[in-house]
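Values reported hereafter were calculated over all heavy atoms of this structure, with side chains retained and with hydrogens, waters and symmetry mates removed. Below, chains carry the letters A, B, ... as their sequence lines are ordered, and counting in each starts from 1.
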Number of protein chains: 2
Amino acid sequence: MSDQDKLNTFLRKYIPLGNVEDFVESFDVVRKLNKKEFLLEPGQACSYLAFVNKGTFRVFFYDNAGTEVTVWFSFPGMMIGDLLAFFQDSRAIFYVQAVEDGEVRIIAKSKLEELYLKNPEYLQFGRKYAEYVSVNVMQRMLSLQTLSAEERYLELLANPNYMQRIPLKYLASYLGITDTSLSRIRKNIV
Amino acid sequence: MSDQDKLNTFLRKYIPLGNVEDFVESFDVVRKLNKKEFLLEPGQACSYLAFVNKGTFRVFFYDNAGTEVTVWFSFPGMMIGDLLAFFQDSRAIFYVQAVEDGEVRIIAKSKLEELYLKNPEYLQFGRKYAEYVSVNVMQRMLSLQTLSAEERYLELLANPNYMQRIPLKYLASYLGITDTSLSRIRKNIV
DNA sequence: GAATTTTCTTGCCATATGGCAAGAAAGAAA
DNA sequence: TTTCTTTCTTGCCATATGGCAAGAAAATTC
């Protein structure tokens, strides 16, 4: 499946009927990133979203103690960005970084808003995508609220995306634990 | 401020310009609930949202171990409902319960969708509200992921809504800890 | 206001997770 | 390959949170 097709498939989830060609075309900036390179850093304007063509990306920040906290991962066929800032129209709070060499296609928020005005179906996309994000974040919130670290790790194990290519220390902070603890949990499971 | 005005103020946050009268009128079912009464129970159709006129409401469920887990609270001027189900068009997963005597105004999802079709500005509401929910849930997720139970409790302390009227055992499960632990944390702080 | 129910606290001890530092293993660079 | 860097594991011990049960306190009901 071509990159274009992947984006098409993604948009079709939210816009089942109708033409999405000008939407696809509005993702008009392609950016290649090397492993560990930043797509975005805190303080920058982040008035855009990116669609992952290739590679794995992560969103992270440094907490008050200076510890790196991974907030989110994105895999090919998904969007990536600092959604907290994007939705609030603020400057970036997070880093967005390539976990491995990768490529994204970018759409500016201004373009997105033009599309919203042009076509109510595209506006439906805006709503449905935000609803989709809500649902995802709620599920992760619930898992942090109610499951043990081991149970959360087992959830990740069920998704092959997480188990290849991603250093365990990133997964540990994503799970809300230290890499030391994750190492012990893994030892316990096998 | 009248209940009508409260709802108006709420909607204006998302629809700053333009007329919201028919939107307000679509919240056309008023329901009074006694303390501990359920607005919604798991398995029911939950194709509506409620706006809190009076009282405090909470969303909760029973986890695998049979322990009650409070997922969310809503106070006057806010919406309440099983958003996970609402956004996914599924049957209710959660209980929605009055923490104290209260009153809500309800809008059916079907009405909401009529409004979306009628007026693109209302569709903007749908998008912005979902974005607002995303931001809120993300912030809570981050606090669960990165803060200690004590730090999370201190965050709640900063919001007067939580510190009146809500039994500590509900707050404890909202924080992801047992009521016993919350009791000890409180003892430690004072 | 007495009785009943619900909520909150506390003691004792168990388990989960963290902090640090050393070394092993794996991966990247030369 | 060899070297260098990054990541992962482990031991020792500390801290955070949980489980249970009893009693205290508060709220509700009669």
Sub-4.5 Å side-chain heavy-atom contact between B:Y174 and B:Y162: yes
Whole-Å gap separating P (C:dA24) and NZ (A:K187): 15 Å
Aromatic ring proximity, centroids under 6.0 angstrom, A:Y116 and A:Y122: no
Lys/Arg cation over aromatic A:Y153: A:R186, 6.0 Å, 45° cone: no
Axis-to-axis angle between the two ends of the helix from C:dG1-D:dC30 to C:dA30-D:dT1 (five base pairs per end, rounded to 10 degrees): 60°
Atom CD of B:Q164 with >12 non-hydrogen neighbours under 6.0 angstrom: yes
Atom-pair distance (CD1 on A:I189; P on D:dT9), nearest Å: 12 Å
Any B:L144 side-chain heavy atom under 4.5 Å of B:R152 side chain: yes
Distance-only donor-acceptor pairs under 3.5 Å for side chains of residues 45-55 of chain A, two or more places apart:
unit_1, atom_1, unit_2, atom_2, d
A:Y48, OH, A:L39, O, 3.2
A:N53, ND2, A:E103, OE2, 2.9

Produce the list of close N/O pairs, under 3.5 Å, pairing protein atoms with atoms of nucleotides 6-8 of chain C; give distances to one decimal.
unit_1, atom_1, unit_2, atom_2, d
C:dT7, OP2, B:K169, NZ, 2.3
C:dC8, OP1, B:L168, N, 2.7
C:dC8, OP2, B:L168, N, 3.1
C:dC8, OP2, B:K169, N, 2.9

Please list, one pair per line, the donor and acceptor atoms closer than 3.5 Å that link side chains of residues 59-67 of chain A to other protein atoms, with sequence neighbours excluded.
unit_1, atom_1, unit_2, atom_2, d
A:Y62, OH, A:E68, OE2, 3.4
A:D63, OD1, A:A65, N, 2.9
A:D63, OD1, A:G66, N, 3.1
A:D63, OD1, A:T67, N, 2.9

Flag side-chain contact, heavy atom, 4.5 Å: A:V99 against A:P167: yes
Any donor-acceptor pair under 3.5 Å from B:E113 side chain to B:S110 backbone: no
Annotated protein contacts, base or backbone, on nucleotides 16-30 of chain D with a non-hydrogen cut-off under 4.0 Å, one of B, S, - each: -SBBB-------S--
Residue list, side chain to side chain donor-acceptor pair (under 3.5 Å) with A:K111, at least two apart or on another chain: A:D28
